[in-house]
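Everything below concerns the one structure shown next.
Ligands are counted one by one from 1 in listed order, and the atoms in each one are counted from 1 as well.
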Amino acid sequence: MTQDKPSPAKPKNNAARAKDIQVLEGREAVRRRPGMYIGSTDQHGLHHLVYEITYNSIDEAMAGCCTNIWVTFCQDNTIRVEDNGRGIPVDIHPSTKLTALETVMTVLHAGAKFGGHIYQVSGGLHGVGASVVNALSSWLTVNVRRDGKQYQQEYKKGIPRGGVEVVGEASDTGTTITFLPDQTIFGEAKSDFNTVSEHLRELAYLNKGLEICIRDERKDEERTFYFEGGITGFVRHLNRNRVVRHRRPIYISRTVNGTIVEAALQYNDGFSESSFSFANCVNTLDGGTHLTGFRSALTRVLNDYARKNKFLKDDEPNLIGEDVREGLTAIISVKLAEPQFEGQTKGKLGNPEIKSHVESAVVEGLALHLEEHPDDAKKIIEKCLLAAKGREAARKARDLIVKRGSLETATLPGKLADCSEKEPAHCELYIVEGPSAGGSAKEGRNRRFQAILPLRGKILNVEKASPDKMLSHEEIRVIITALGAGIDDEFDLSRLRYHRVILMTDADVDGSHIRTLLLTFFFRHMAELINNGHLYIAQPPLYRIKSGKQHQWVYSDQEKEEVLAGLKESRKVEVQRYKGLGEMSAEQLWDTTMNPETRTLLQVEVEDAAKADHIFHVLMGDEVPPRKAFIQAHAKSVKNLDI
Ligand code: 0RA
């Protein structure tokens, strides 16, 4: 999760504004507005630097020219990324009159302009290029091994300190980039070994046969990722705590018109779908043409097989998409020449031709697998038929609700205290735990743009419930209706009634449990809401500290210690712990938690979809042992679950 970003300071006069909107180029632009290039300047941003450089090496691996990548966090906070690729060329580039090396390191998006890279990551969230990392580093050194020589060039804040020099001989080829992130930009941000490791692990799954080694010299930890089975291993990893329907994941790999299409899938006994799609190793959170092609192939092949082998009788209707995706874990990975990443967050693959490429590859590969493995086929089809039955039951439940006039109709739930503003972009919905807190929130809010939806106690654990059970759960229905955008495949962001959906729960165990239940629901059934930045968590204060006539609100234990240390000299200090929202008056709730001028909101963000999927499954699923292990290992983060 990240903090709400403060909006940029308003320019004081027109002259200043004119100057502000001047197009800033290259290094200066990057240094002035790092967030535009790497998202933020906190830990996320720091990780982004590592990924940017690593992606260049991954490009080499995708071109078939690199087998090893080493990433090292050094004692002195420098970061080193090394590969055994061809080495960045050092000859003079005709249009820039600079060496290719210097062009790659100093010109924005230069990488894509070079030949030799077939499956380059261009556009998207990644792929802004090495020059951005260079501009944001207090120093950076590139060492290239190529043509029997070792070349080197050094930079300070992106400015070359000299030309490319020959510094020795080389018996192999490759590139080593070492850099120190600029502290004036990243402050005290520190990289997190586990987070970066998990990301590199995914990259290793996506590039079969590539070995990625990550080392943290600050704490003497090292991990090596190498997967002969590629994404098959990824699917096994995702299903590791689940009961699977067939022992081995199905693996499909075909090259269609120059596009490499890979898919791996395996069914489990659960209800949710865990499919992740990638284009040139970039996780496409909002799917796109590759995912559409995969889904359509899956539905077609399973229906054909079920009909041909009499699992479906002549008078029975076809299985639909939902049926064949219940309990499905799948990875779809395509590698293509010019990926187009679309949408607000660039999380969607747009290339139209990719749909049919993936579809034909998956139809062919999957049909063949089912013919050759009738036992797997039987177990899969039976699971789909079960899902179809459940869907029928869910439809009946839904019809009942519609008849009673709540879900997907204009009638808003009675508990909802709506706001008067109608423009969704200006509206906020607070989902509040408990009737008494709901009362304070209703009283304290600004009713022009803030709506309140109080929940009664615990909501359903959707991780363990079938679709019909979920839809017949009152609290879930009320949330769906209030938001107005539907759920699952029918979710339509353009119908969302509030652009900020804010979860506000007590700062105790129950409160955090309810928050996790809500997050599970949104993650599984309204992922687009999260991916487009519409879901937030309110931050109510934990304490009120009184000294004499003054008082102040404190939001964390650390802040409490600091405040108390500052008040050492005062005689009478009173610390009051606030556990429940209901303990605050309407006015206090407004001042501390709801007033946009003074509140802090955490925006819910999924940094690593596969990891989040695993966390929700472990936290909310059936199996107790892995959950226990998880809670023990993450006792601190579970208390304040961050996804
Ligand atoms: C441009 C062209 C070629 C390779 C690279 C760049 C390259 C960049 C990076 C960044 C990190 N490691 C890298 N390895 C290679 C093609 C070179 C050729 O055709 O020989």
Side-chain angles (χ1 to χ4, degrees), residues 37-38 47-72 78-124 126-137 139-155 158 160 164 166-167 170-181 196 199-200 203-204 206-207 209-214 280-282 335 337-338:
Y37 299 85
I38 56 163
H47 291 170
H48 213 113
L49 301 186
V50 184
Y51 302 151
E52 274 309 326
I53 296 293
T54 310
Y55 263 83
N56 285 315
S57 303
I58 294 279
D59 281 346
E60 272 298 276
M62 283 200 277
C65 302
C66 164
T67 61
N68 286 74
I69 299 173
W70 297 266
V71 175
T72 311
T78 63
I79 299 166
R80 187 167 66 236
V81 179
E82 183 172 355
D83 68 49
N84 65 350
R86 289 167 292 186
I88 308 177
V90 290
D91 48 343
I92 303 286
H93 188 251
S95 69
T96 61
K97 308 269 190 288
L98 297 169
T99 59
L101 174 61
E102 187 169 329
T103 309
V104 167
M105 297 312 300
T106 57
V107 179
L108 283 179
H109 297 288
K113 295 193 186 75
F114 286 88
H117 277 193
I118 319 171
Y119 301 114
Q120 185 132 36
V121 186
S122 50
H126 301 280
V128 291
S131 65
V132 169
V133 179
N134 198 8
L136 299 176
S137 296
W139 60 263
L140 180 147
T141 303
V142 196
N143 185 284
V144 167
R145 295 164 305 283
R146 208 180 149 92
D147 310 323
K149 292 199 182 76
Q150 255 194 69
Y151 303 89
Q152 193 155 300
Q153 189 172 28
E154 291 174 19
Y155 303 85
V164 177
V166 176
V167 293
S171 53
D172 62 347
T173 63
T175 304
T176 305
I177 297 179
T178 313
F179 61 97
L180 180 66
V196 178
H199 189 72
L200 297 184
L203 290 172
L206 292 165
N207 294 279
L210 170 66
E211 184 176 303
I212 305 180
C213 178
I214 173 168
N280 292 7
C281 302
V282 174
K335 289 169 184 164
E338 283 177 38

I'd like to know if the side chain of T99 and the backbone of I92 have a donor-acceptor N/O pair within less than 3.5 Å. no

Pick one: which of T176, N143, T141 meets side-chain hydrogen bond (donor to acceptor under 3.5 Å, both in side chains) with Q152? N143

Just to be sure I'm reading this right: ignoring hydrogens, which of E82, E60, R146 gets closest to atom 17 (C) of ligand 1? Compare them by their nearest heavy atoms. R146

Could you name the option among T103, V142, D83 that has the heavy atom nearest to atom 11 (C) of ligand 1?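 Heavy atom nearest to atom 11 (C) of ligand 1 belongs to D83.
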
Could you work out, with side-chain contact (heavy atoms from CB on, under 4.5 Å) as the rule, every residue matching L180, not counting sequence neighbours?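 So L180 forms a side-chain contact (heavy atoms from CB on, under 4.5 Å) with N77, T78, S138, W139.
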
Going by the rule side-chain contact (heavy atoms from CB on, under 4.5 Å), which residues pair with D91 if we only count those two or more places apart in sequence or in a different chain? P89, A100

Is P89 touching ligand 1 with its side chain, its backbone, both, or neither, if touching means heavy atoms under 4.0 Å apart?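 For P89, the contact with ligand 1 is made by the side chain alone.
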
